[in-house]
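Below you'll find the structure, written out as structure tokens, and then a few comments.
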Amino acid sequence: MHIKKGQRLKLDEIIPNNSPFLLQSTCSSANLTLDFACFGLDSAGLLSDDRYMTFFNQPSTPCGSVTLQNSTANTATFEFNLKTLPDTLERLVLTVTIDAQATLSALHSGALSVQVQGKTVAQFSFTGSDFQQERAVMLVELYRKAGIWRLSATAQGFNGGLDALVKHFGASVAEPSAPVTPPPPVANPSRISLEKRLEKEAPQLLSLAKKSAISLAKVGLESHRAKVCLCLDISGSMSRLYRDGLIQAFSERILALGCRFDDDGEIDVFLFGKDVHQPAPMGIGNYASYIAQTIQQHPLEGDTRYGRAMQAIRQHYFPDTAGGERTTPLQAAMPVYVMFVTDGGTSDKGLTEKQLRWSSYEPIFWQFMGIGKGRKSLSKLLLAFADSDFPFLEKLDELSGRLLDNANYFSVASPNEHSDETLYDLMMSEYPGWITLAKQQGILPA
């Protein structure tokens, strides 16, 4: 099996019975010395125990679940036995760094293979053209989702080398004796103008936007542009969440993300219950009382229909099919990121599944968030965690028959369960991988 950049798959699809396996990385380069490492991360995505950083000077974890069998200037082989890995570890990230002033763009070619009992069962290839100024790269991630181990071909780069990786995983590194001055960023006049407006009119949103920028930087989306759409459940069971201001506060966090993705200072909003409504966009000028005024105009109503809401959103952004069937890829310059919020199931499951399959040919990504009691805490996961309280949303997350995986799902006990930083990390857990796949399919410009 050849794995594409950004692709995710269940390990049990290629490795039977959760058997031990090898990840072997081989790079072809001229006069480059590479260092390979594996970081074992906890529930917060951090290297909370440095004994679980496996590299040439520490070739095995205390439990023996990860072992560096051999390492040369251009190759490394790690053995994994996930059955013996402590429950406190949720992710294993295989990385490669270069200490010299050269960058990984100098690589001729590279490959990472998954091997079981001496046989290669899957392979992920990359070249120096995949990188620019990066001196460190997260090649692949192994992570738990719904109790199942999965593999993600990440290939996410960092300009700062090993220090940047270690800091990214929450550990400290020795500061250099002399500060290194980074090159000045390329100014975006529209974004600068928007930030000045936020500073003057909405400092709270500016603070949130800066927090979202940190999460975007982690996944290499600092300069990414997209339209943001917030789709809110207005069924009667959502009453307390609106009354207590929780939806207002959550909406502000999404607006702040929209201000990072686009420079028009607003996001589109859709409401759904029995019917679908599209109020005026939420923006810098009206955000403070937006939800209260919107719910006054569109009171809570009975029933919950995901499919009709998704159809209306697709029709708004891609009117050529009126939200109907699509079977060939549609390209657009900017993707649409939809934050879809609900506290219950839907009465139009069939239509919902059709909408998700048809929209997999379009530049639109669906981030579903279920709200309700009795869920396992997502503070224990930075990756989306499927939950039996929302079996249909879980099904959508794994829905077959799509051109590519265009949706993600996580659940929360309350919209304010997580810190701003953790929420933005959750929202970006699968979106970057979708962008990569969408470019490969011609849905987004390469």
Side-chain angles (χ1 to χ4, degrees), residues 208 228-258 267-283 286-313 316 337-349 351-352 355-356 366-379 384-397 407-418 420 422-423 426-427:
L208 289 169
V228 174
C229 173
L230 177 60
C231 187
L232 295 172
D233 186 340
I234 58 168
S235 59
S237 57
M238 294 278 291
S239 176
R240 182 189 62 81
L241 300 175
Y242 284 101
R243 184 184 64 246
D244 293 349
L246 296 176
I247 297 299
Q248 170 67 34
F250 181 82
S251 300
E252 292 174 9
R253 297 159 100 179
I254 305 306
L255 174 58
L257 176 66
I267 59 174
D268 295 316
V269 178
F270 285 78
L271 312 173
F272 69 99
K274 178 182 178 181
D275 299 311
V276 181
H277 313 276
Q278 185 183 2
M282 182 181 189
N286 66 354
Y287 82 93
S289 58
Y290 182 86
I291 292 298
Q293 293 182 0
T294 299
I295 293 303
Q296 186 175 13
Q297 297 172 2
H298 303 284
L300 303 186
E301 53 192 48
D303 205 355
T304 307
R305 300 183 181 182
Y306 300 173
R308 292 187 62 180
M310 296 172 70
Q311 184 176 35
I313 291 171
H316 173 72
Y337 182 99
V338 181
M339 187 70 212
F340 196 104
V341 180
T342 182
D343 75 336
T346 182
S347 61
D348 60 356
K349 292 183 179 179
L351 178 61
T352 301
Q355 291 296 321
L356 192 58
W366 306 91
Q367 177 61 71
F368 295 99
M369 185 179 82
I371 307 173
K373 299 178 180 179
R375 286 157 176 72
K376 298 178 181 179
S377 173
L378 276 180
S379 61
F385 187 90
D387 191 299
S388 59
D389 286 349
F390 287 99
F392 185 63
L393 287 180
E394 181 178 343
K395 178 182 179 181
L396 293 181
D397 193 13
N408 186 33
Y409 153 68
F410 62 84
S411 63
V412 294
S414 171
N416 64 352
E417 177 179 351
H418 299 300
D420 301 323
T422 299
L423 175 67
L426 280 168
M427 292 174 62

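What you are looking at is a predicted structure, and each value in this text was computed from that prediction instead of being measured.
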Check: [Y] and [X] side chains under 4.5 Å, non-hydrogen atoms:
X: Leu396; Y: Tyr409; answer: no
X: Ile247; Y: Tyr290; answer: no
X: Val276; Y: Leu271; answer: no
X: Val228; Y: Met339; answer: no
X: Met282; Y: Glu252; answer: yes
X: Phe272; Y: Thr304; answer: yes
X: Val341; Y: Asp233; answer: no
X: Cys231; Y: Trp366; answer: no

Under 3.5 Å donor-acceptor, [X] side chain and [Y] backbone:
X: Arg308; Y: Asp275; answer: no
X: Asp268; Y: Val338; answer: no
X: Asp244; Y: Leu246; answer: no
X: Asp348; Y: Tyr306; answer: yes

Mind checking salt bridge (Lys or Arg N to Asp or Glu O under 4.0 Å) for Asp420 and listing every partner two or more places apart, or none if nothing turns up? Lys211, Arg253
Distance, nearest 0.5 Å, that separates [atom1] of [X] from [atom2] of [Y]:
X: Gln278; Y: Cys229; atom1: CD; atom2: SG; result: 8.0 Å
X: Ile291; Y: Tyr242; atom1: CD1; atom2: OH; result: 6.0 Å
X: Ser411; Y: Glu394; atom1: OG; atom2: CD; result: 9.5 Å
X: Phe392; Y: Thr352; atom1: CZ; atom2: OG1; result: 4.5 Å
X: Met238; Y: Thr342; atom1: CE; atom2: OG1; result: 7.0 Å

Considering non-hydrogen atoms only, spot the tightest contact between [X] and [Y] and give its length.
X: Ser251; Y: Leu232; result: OG-CD1, 4.1 Å
X: Lys274; Y: Arg305; result: O-CD, 3.5 Å
X: Ile371; Y: Ala413; result: CG2-O, 4.0 Å
X: His418; Y: Leu423; result: CB-N, 4.2 Å
X: Thr294; Y: Pro279; result: CG2-CG, 3.9 Å
X: Gln367; Y: Met427; result: OE1-O, 3.8 Å

Assess the residue pair Asp397 and Phe410 against the criterion (side-chain contact (heavy atoms from CB on, under 4.5 Å)); give the C-alpha distance rounded to whole Å, side-chain angles, the decisive distance to 0.1 Å, and a yes or no. CA-CA 9 Å; Asp397 193 13; Phe410 62 84; over 6 Å; no
Test item: side-chain donor near acceptor, Gln297 and Gln293, under 3.5 Å: no
